[in-house]
Amino acid sequence: MAYPQAALAAQVSAALTTEFGPDYADADPLIRPSSFADLQSNVALSLAKRLGQQPREVAARIAARIADAPMCERAEVSGPGFINVTLSGEWISGEVTAQLADDRLGVPAAANPQRVVVDYSAPNVAKEMHVGHLRTTVVGDAFVRALEYLGHQVIRANHIGDWGTNFGMLLEHLLDVGEEAARADLAAGDINAFYQAAKVKFDADPAFADRSRRRVVALQAGEPETLRLWQMLVSDSRLYYNAIYTKLRVTLTDADLAPESFYNPMLESVCADLEAAGVARMDEGALCAFPPGFTGRDGRPLPLILRKSDGGYGYGTTDMAAIRYRVTELGADRITYVVGSEQAQHLAMVFTVARQAGWLPDRVRAEHAAIGMVTGTDRKRFRSRSGASVKLIDLINEAVSRAEEVIKDRYDEPELRAQIAEAVGIGALKYADLSVARESSYVLDFDRMLALNGNTGPYLQYATARIRSIFGRAELAPSDAAGPIDPAEPAERALALRLLGFGAAITEAVATAEPHKLAGFLFEVASDFTAFYEQCPVLKAGDPAVRQSRLAIAALTLRVLLTGLGLLGIPVPDRM
RNA sequence: GCGCCUGUAGCUCAGCGGAUAGAGCGGCUGCCUUCUAAGCAGUUGGUCGCAGGUUCGAUCCCUGCCAGGCGCGCCA
């Protein structure tokens, strides 16, 4: 089984070789979807000059060759030299029938499975998870699921912020409030209030600030009582975001925690080794690396600070420790940082320094899967401080209650209703983030994120509910539907052709760490299915063979949607 | 000042160097005795920020400009 585009590409490449010689075997066949046929190849236009022939002449020779292939119904030259290809109905039928019979839905496992470390989510201890975390969490989680589906070995790394100078003031505030009261606040989910209260005191009260700084020293020195209090903050926060992960159906668990503090024991050697390797040197009292190609405001080389002049370590040091650990200890072939785009320069510096130090060999791919900013209506970074505070948990609850509002008259049983509302609300929320390119920033808009109509999660869920409903009426399990599928009508032909692209969609999404490519594909599947649903009666089809074929393609569509939505981490209710 | 990102329909966004640039929302018009109307069909709507260049062909690649955002030495 092969994706139509790839299969046709092979045909065109073969034709190029036989017609024009082996030099042309590597030329990109330039297969694209066509609005005049099923697919088109633009290769003749690109090769005409090199061949010294008229584009239409080149196209004609290729078209004549590929027209004989079993997959082609017709190959025609059009316009200046496009080759429009209409696929054979028999070929589509055979491919899609095979796809239904395949456990993996025609998606081959990766030929060279990799070990991939994916750094995502990364909330901060004692800080509220906000809307910005939604994107890195949801996009990262979809990415790891797709990687695993292709057979890669994934190591999830939740690089939570559990260390740093902030903890001085947080711990002092904890002591001021009293342990019990503080824990009650945190358990109630009012983490922001806790953080902000500490921050206000820190800024206003010099004595408090002084205590805080001493507390940082005690923490870094490993003073037992300080560590106990710190541990308390960390574990309470962990409970908090685990609850959110559960609600969001995110696969992260405590086993995936790779907190900043984890790297503490390595920081000294990171500095020593980089200095010994000549990659880092002292400058203005701090140990710095100056990766080539980075300049600062004043035109001087921009440092990656490894050890501050006061002897402390910053996040740059931690990131260097982490990248070395991931390569040498975890054996990563690929490291993907699903992190906000504002970190681009910092990460680029980390990668460069790691390459210089030999910690990141060429065989290891390190990439920043940048997440665009969530902004307020002023187009500036959304900040909880500047006015209306939007906690992630509030957004989640709003999503579910809006969904509940829509279905409240449809289902009497409260339990079923709650179940559906949760799947629909969470699905809408996650899909909103997964369907846009991860790097584009967008305005925080509840109505858009929680919409239940149009190109949304619920639209895709709805398509599955309709398919299940057909099988319910037929008193047949979807898994009992079997081939052959004969997509005779245009709507079912279009659906069949679309379904064949499933594997290509996943492969592309994984190659570029862009789940929105998969989301877009699934939307097309759902659209094509809906058109089929309108135009091609399934249960009322007169001919038993047609009915069987349509049941089979409906079953295949259901599996593709369920599998695809599963990879995106979007829950699917049985009914809607 | 330097670097990175963004600029596509009224709004939110897709768009792999190829033909007439696509969705969703919104607006307008239709469609529920027929497998779920969270739906469907149709329609409205674009100097692809501006100006050059490369190319048979540019929304896409290159250069310059304009606008916005982000980052730029001891916070993470």
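Below, read A as the first sequence line, B as the second, and so on, with proteins coming before strands; counting in each chain starts at 1.
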Sugar-phosphate, base or nothing in reach of A/Glu284, heavy atoms under 4.0 Å: base

Touch class at under 4.0 angstrom, heavy-atom based, for A/Phe521 against every strand present: nothing

From B/rC40, B/rG73, B/rC72, nucleotide with atom closest to A/Ala286 side chain: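 For the A/Ala286 side chain, the nearest candidate turns out to be B/rG73.
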
Does any N or O donor sit under 3.5 Å from an N or O acceptor when you compare the side chain of [X] with the base of [N]?
| X | N | value |
| --- | --- | --- |
| A/Tyr462 | B/rA38 | no |
| A/Arg300 | B/rG73 | yes |
| A/Ser527 | B/rA23 | no |
| A/Glu260 | B/rA76 | no |
| A/Arg466 | B/rA38 | no |
| A/Asp283 | B/rG73 | yes |
| A/Asn84 | B/rA19 | yes |

[N]: pairing nucleotide in any strand, Watson-Crick or G-U under 3.5 angstrom:
| N | value |
| --- | --- |
| B/rA76 | none |
| B/rA37 | none |
| B/rA67 | B/rU6 |
| B/rC48 | none |

Interatomic distance where CD belongs to A/Gln343 and C1' belongs to B/rC5 [whole Å]: 14 Å

Aromatic plane relationship, A/Phe202 with A/Phe208 - under 30° parallel, 30 to 60° tilted, over 60° perpendicular: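 Ring orientation of A/Phe208 relative to A/Phe202: perpendicular.
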
A/Phe523 over B/rA23, stacked by centroid distance under 5.5 Å, angle under 30°: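 A stacking contact does not exist, since A/Phe523 is not both close and nearly parallel to the base ring of B/rA23.
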
